[in-house]
Amino acid sequence: MNSLSSFGQTYYDMSLGNYTENFTSWTTPSTNSWSSVAVSAGTIPSATATTVASATFSSGTSGGVQNGATNIQFLSTGTTDNSSAVALDLNLNFTNRNAGTLTFDAATVANSTGNRAGSLRVYYATNGTSWTELSGTNLPFTANNNVAKSANISIALPSALNNQATVKLRFYYHNGGSALTSPSGSRPKISIDNLTVTGVSTGPNINVNPNTLTNLNYFTGNGPSNAGTYNVTGSSLTGDVSLSVTGNFEISTSSSSGFTTSLTLTPNAGSLNTLIYVRLMSGLSPAQYEGNVTHSGGDAPTSPVVNLSGTVADIVLPTTLAFASITPTSPTPNIGFSVNIQSQDADQNAQNVTSPTTVTLTLQTGSGTLGGTLTGVIPAGENSVNISGITYNKEELGVILRATVTAGDALTATNSPSISIIDNTPSVIIRSVKSGSWNDPTSWTCNCIPALNDTVRVRNSHIITVMSATSDQGCAKLIVDTGGTLNIQTADFKVNFPVIPVQSNNINLAMGNPSNATNSVINENNYLLEKPQYVMSYSRAKATSNWVSWYLNSASIGSTSRQNDFRNDTSLPSGWYQVTNTDYSGSGFDRGHMTPSGDRTSSVENNSATFFMTNMIPQAPDNNQGPWEGLESYLRGQLGNNQEIYIIAGSYGVGGTGSAGSANTIAGGKITVPAQTYKIAVILPTGDDDVNRVSNSTRVIAIIMPNVQGIRTNDWRTYRTTVDAIEAATGYNFLSNVPTAIQNVIEAQVDTVSN
């Protein structure tokens with residue numbers, strides 16, 4: 001590369017392009033335009049005050065700069081704050097360039113135990129001697145071993161660096177930085193990774209954003225495609241800019257007219273900021289089409305290109321109806337439930353109807369009466385309808401519904417899966433507390449022998465044995481959890497209700513399955529993915545979760561450091577796309593955890609599980625690192641009050657705004673960017689039988705937060721809402737295992753706790 005040598009160092013020439021570094025394969029700190037910093041006296045913190053040299057890598061708990069294999073780590077020792085410091089310099093040449101932004105990831109790397117703090121600061125100099133500290137959100141970055149912490153730091157570099165040939169960015173770590181009066185233990189290491197520095201030409205330039213448009217598609221005979229858009233910007237231009245498009249695409253400065261294969265843009269006082277519309281031409285044969293738009297002129301030294309792709313496909317019409325979901329899974333007699341009916345092709349793929357299609361529900365199997373709302377319409381151009389307010393008037397297992405088209409597209413009727421209609425709201429449930437005899441009062445929560453009019457539940461792992469007795473034995477209703485056993489050794493046991501298996505005993509799903517997700521590959525956009533650390537509904541089409549549910553208590557928190565091993569999830573069904581750790585790169589969106597790393601620090605295995613890409617969504621940095629992280633930290637803080645928490649997080653809608661602008665998808669259209677994020681937290685005192693301890697006074701926090709920039713400093717409390725509002729937005733039934741009467745109270749309330 002072309003570089004400038006000054007002060008004995010190599011300065012990266014920013015005219016060659018942006019500087020990026022992922023810190024792999026390093027053998028010495030002084031490499032890739034980085035240089036060491038010698039020991040120098042002074043008052044800490046100060047860019048020129050260091051106590052440890054960084055000429056060579058240190059290791060273990062030794063103070064200095066350490067090679068983390070995939071990152072660089074800093075550690076300063078010392079028993080008092082501001083007594084030791086170490087630094088490392090990045091050297092850059094901005095000749096004929098304006099300085100842009102500095103971005104990098106910072107994270108805690110646990111060093112031992114305790115709550116002593118360490119702080120990372122960033123300084124700059126243009127002459128190697130006069131230093132100025134950079135400040136902004138998440139800088140300085142201060143951390144301790146007790147809390148797993150990370151941040152994506154993005155700072156606009158000052159104009160003082162413009163056209164400067166000898167710019168140094170000094171990454172400076174020192175012990176101290178917290179307000180604790182009696183810190184203990186060792187201070188943490190702090191790592192930096194995924195570093196980028198950008199620059200912009202000081203002469204004429206043309207820029208495009210984004211530089212790729214995909215999914216410019218239409219069905220045969222229905223062209224042209226809908227238009228995609230991108231921005232052309234420029235500065236210091238000396239003349240017109242010419243746009244030329246190839247590959248059966250056309251462009252315009254209007255969304256509805258004027259489409260052509262070339263355009264001329266005239267700058268205003270040398271500046272340009274124009275929205276360009278691009279579409280795939282009409283009248284094309286079925287095929288995949290590729291093309292591009294080139295931009296040149298105005299004496300700009302480069303001609304940026306926007307790459308285009310689109311598909312013309314034969315129309316695939318639906319042939320049949322299908323039950324996509326039933327909510328809740330086991331409806332209650334005479335209480336409304338809902339079904340989602342979908343129009344599908346022969347391969348069970350959702351396909352849009354061509355005309356409004358009326359679907360009518362009837363009873364296929366069952367001795368009761370089906371009532372309430374029994375019809376719904378799939379709108380033309382869509383593929384599903386949600387029919388709510390359906391009722392069934394009695395308890396019964398094996399109920400089957402039938403969906404039939406009564407107007408619109410001719411689609412084959414279909415039957416629902418078998419449904420259990422169950423009274424889920426008994427006033428009293430007698431529950432087992434241990435394995436034992438049915439006639440032993442100590443086997444039950446009531447310290448009594450269940451009577452013929454009681455509802456009885458045998459819980460997971462308990463074995464209840466029924467022996468012959470002189471009086472009638474039995475109950476009105478019997479629930480046996482998965483893992484529980486009722487061992488009947490007599491012919492004289494009376495029960496009026498069949499044994500009902502509980503669907504899952506995974507504690508992370510204790511409050512219910514909001515969308516009736518299943519682990520059937522047919523249910524590809526509501527696929528149940530269970531792990532010991534969390535449970536989710538995953539959407540193959542979106543390549544993200546719909547919701548993630550997990551349980552948090554004090555045992556969830558330990559001293560394990562953040563693993564940062566982002567990776568694809570190989571547990572997805574064969575043939576499904578597995579999002580990779582680099583799919584979010586350059587998108588302007590964070591790899592936003594649903595189950596946070598900080599909620600699973602009890603072991604390396606548990607923390608590592610949070611870095612599967614199925615646990616991520618494209619999250620705006622100001623959302624993820626601002627109020628979203630604020631709520632995560634707040635909930636962990638409640639564990640110190642002897643609490644346990646059930647949490648459900650997710651997203652909905654399409655289209656968010658990240659640091660690189662707005663987008664509906666990333667990774668070439670593979671991953672959907674949501675418009676909103678939400679979270680529900682049920683907070684209980686530590687105890688047993690949690691679902692049945694939820695009451696009308698249980699604290700429930702619910703938030704809806706826009707997936708946009710500009711909200712980093714907002715308090716998470718400003719986004720509080722009701723569970724009912726989230727259900728209305730998503731169509732899910734949260735907290736479905738909680739008795740309906742209690743749900744009706746706690747889901748309608750907005751949390752008002754201020755501390």
Side-chain angles (χ1 to χ4, degrees), residues 214-228 248-249 279-290 309-327 338-362 364 373-388 390 400-417 515-516 518 520-527 538-543 546 573 575-577 653-654 664-665 668-670 672 731:
T214 60
N215 298 322
L216 301 174
N217 309 326
Y218 64 86
F219 288 114
T220 305
N222 288 280
S225 69
N226 291 330
N248 295 291
F249 294 89
R279 69 187 188 187
L280 186 60
M281 294 178 179
S282 62
L284 300 176
S285 301
Q288 173 74 32
Y289 293 89
E290 307 287 341
S309 66
T311 301
V312 177
D314 289 326
I315 296 176
V316 179
L317 297 176
T319 59
T320 185
L321 296 175
F323 281 81
S325 64
I326 300 174
T327 306
S338 65
V339 301
N340 187 272
I341 305 296
Q342 194 173 74
S343 52
Q344 297 182 346
D345 60 24
D347 294 324
Q348 297 180 321
N349 298 313
Q351 299 293 347
N352 296 340
V353 296
T354 60
S355 61
T357 300
T358 302
V359 178
T360 300
L361 300 176
T362 55
Q364 178 73 10
T373 303
L374 298 178
T375 62
V377 177
I378 304 176
E382 298 185 19
N383 57 45
S384 67
V385 60
N386 201 66
I387 304 176
S388 301
I390 309 160
I400 298 175
L401 308 183
R402 186 167 181 80
T404 306
V405 168
T406 53
D409 287 14
L411 304 177
T412 303
T414 188
N415 292 338
S416 73
S515 61
N516 190 30
T518 68
S520 169
V521 293
I522 295 175
N523 203 14
E524 65 182 16
N525 293 321
N526 188 23
Y527 180 78
Y538 187 80
S539 169
R540 182 183 183 184
K542 296 191 302 183
N546 300 309
W576 288 23
Y577 179 74
V654 177
N664 291 340
T665 62
K670 296 185 182 73
T672 297

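The first residue in the sequence is number 1, and the count goes up from there. Note that the coordinates shown come from a computational prediction; the quantities given were computed from them, not determined experimentally. The figures that follow rest on heavy atoms only: side chains count, while hydrogens, waters and symmetry mates do not.
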- [ ] Measure the shortest side-chain to side-chain distance between Tyr289 and Val312 over non-hydrogen atoms and say whether it is less than 4.5 angstrom.
- [x] yes
- [ ] Write down the atom of Ser338, the atom of Asn386, and the distance for their closest heavy-atom approach.
- [x] CB-ND2, 3.8 Å
Open item on the list: When you compare the side chain of Tyr527 with that of Pro573, does any pair of heavy atoms fall below 4.5 Å?
Closed with: yes
Open item on the list: Does any part of the side chain of Pro417, heavy atoms only, come nearer than 4.5 Å to the side chain of Phe323, both counted from C-beta?
Closed with: yes
Open item on the list: Counting C-beta onward and ignoring hydrogens, is there a side-chain heavy-atom pair between Thr358 and Val405 closer than 4.5 Å?
Closed with: no
Task: Closest non-hydrogen atom pair between Thr319 and Ala346, with its separation - done: OG1-N, 3.5 Å
Open item on the list: If you count heavy atoms of other groups shown closer than 6.0 angstrom to CG of Asn415, is the number above 12?
Closed with: yes
Task: Side-chain donor-acceptor pair present, Ser515, Asn526, cut-off under 3.5 Å - done: yes
Task: Pro224 and Met281, any side-chain heavy atoms less than 4.5 Å apart - done: no
Task: Sole candidate of Thr311, Asn226, Leu284 that passes side chain to side chain contact (heavy atoms under 4.5 Å, CB included) when paired with Tyr218 - done: Leu284
- [ ] Determine the minimum heavy-atom distance between Pro318 and Ser343, stating which atoms define it.
- [x] CB-CB, 3.8 Å
Task: Rounded distance [0.5 Å steps], OG in Ser416 versus CD1 in Ile326 - done: 4.5 Å
Open item on the list: For the residue pair Thr354 / Asp409, report whether a side-chain donor-acceptor contact shorter than 3.5 Å exists.
Closed with: yes
Task: Residue pair Tyr577 / Lys670, side-chain heavy-atom distance below 4.5 Å - done: yes
TODO: Classify the side-chain pair Asn523/Thr518 by whether it contains a donor and acceptor separated by less than 3.5 Å.
DONE: yes
Task: Leu321 side, atom CG; Gln342 side, atom CD - distance, nearest 0.5 Å - done: 10.0 Å
Open item on the list: Please give me the minimum heavy-atom distance between Pro356 and Val377, naming the atom from each residue.
Closed with: CB-CG1, 4.1 Å
Open item on the list: Do Thr362 and Leu374 have side chains that approach each other closer than 4.5 Å (heavy atoms only, starting at C-beta)?
Closed with: no
Open item on the list: One pair to check against side chain to side chain contact (heavy atoms under 4.5 Å, CB included): Val353 and Leu411. What are the steps and the verdict?
Closed with: CA-CA 9 Å; Val353 296; Leu411 304 177; 4.2 Å; yes
Task: OG1-CD distance between Thr404 and Gln364, expressed to the nearest 0.5 angstrom - done: 8.5 Å
TODO: Could you verify whether a donor N or O on one side chain and an acceptor N or O on the other, from Arg540 and Asn525, lie under 3.5 Å apart?
DONE: no
Open item on the list: Assess, by modelled atom type and distance only, whether the side chains of Asn352 and Glu382 contain a donor and an acceptor separated by less than 3.5 Å.
Closed with: no
- [ ] Please round to the nearest 0.5 Å and tell me the distance separating atom CD1 of Ile390 and atom CG of Leu401.
- [x] 6.5 Å
TODO: Would you please say whether a donor-acceptor pair under 3.5 Å links the side chains of Thr406 and Thr360?
DONE: yes
TODO: Considering non-hydrogen atoms only, spot the tightest contact between Gln288 and Gly310 and give its length.
DONE: NE2-O, 3.4 Å
- [ ] Please assess Val385 against Asn340 for the test side chain to side chain contact (heavy atoms under 4.5 Å, CB included), listing each intermediate value before the final yes or no.
- [x] CA-CA 6 Å; Val385 60; Asn340 187 272; over 6 Å; no
Task: Leu216/Phe249 under side chain to side chain contact (heavy atoms under 4.5 Å, CB included): CA gap, chis, key distance, verdict - done: CA-CA 9 Å; Leu216 301 174; Phe249 294 89; 3.7 Å; yes
Task: Minimum heavy-atom distance Pro379-Ser384, with the two atoms named - done: CD-O, 4.0 Å
Open item on the list: Rounded at 0.5 Å granularity, tell me how far CG in Asn217 sits from CG in Asn222.
Closed with: 12.5 Å
Open item on the list: For a side chain to side chain contact (heavy atoms under 4.5 Å, CB included) check, start with the C-alpha distance between Ile315 and Thr220, then their side-chain angles and the critical distance, and finish with the verdict.
Closed with: CA-CA 7 Å; Ile315 296 176; Thr220 305; 5.6 Å; no
Task: Minimum side-chain heavy-atom gap Asn383-Gln351 below 4.5 Å - done: no
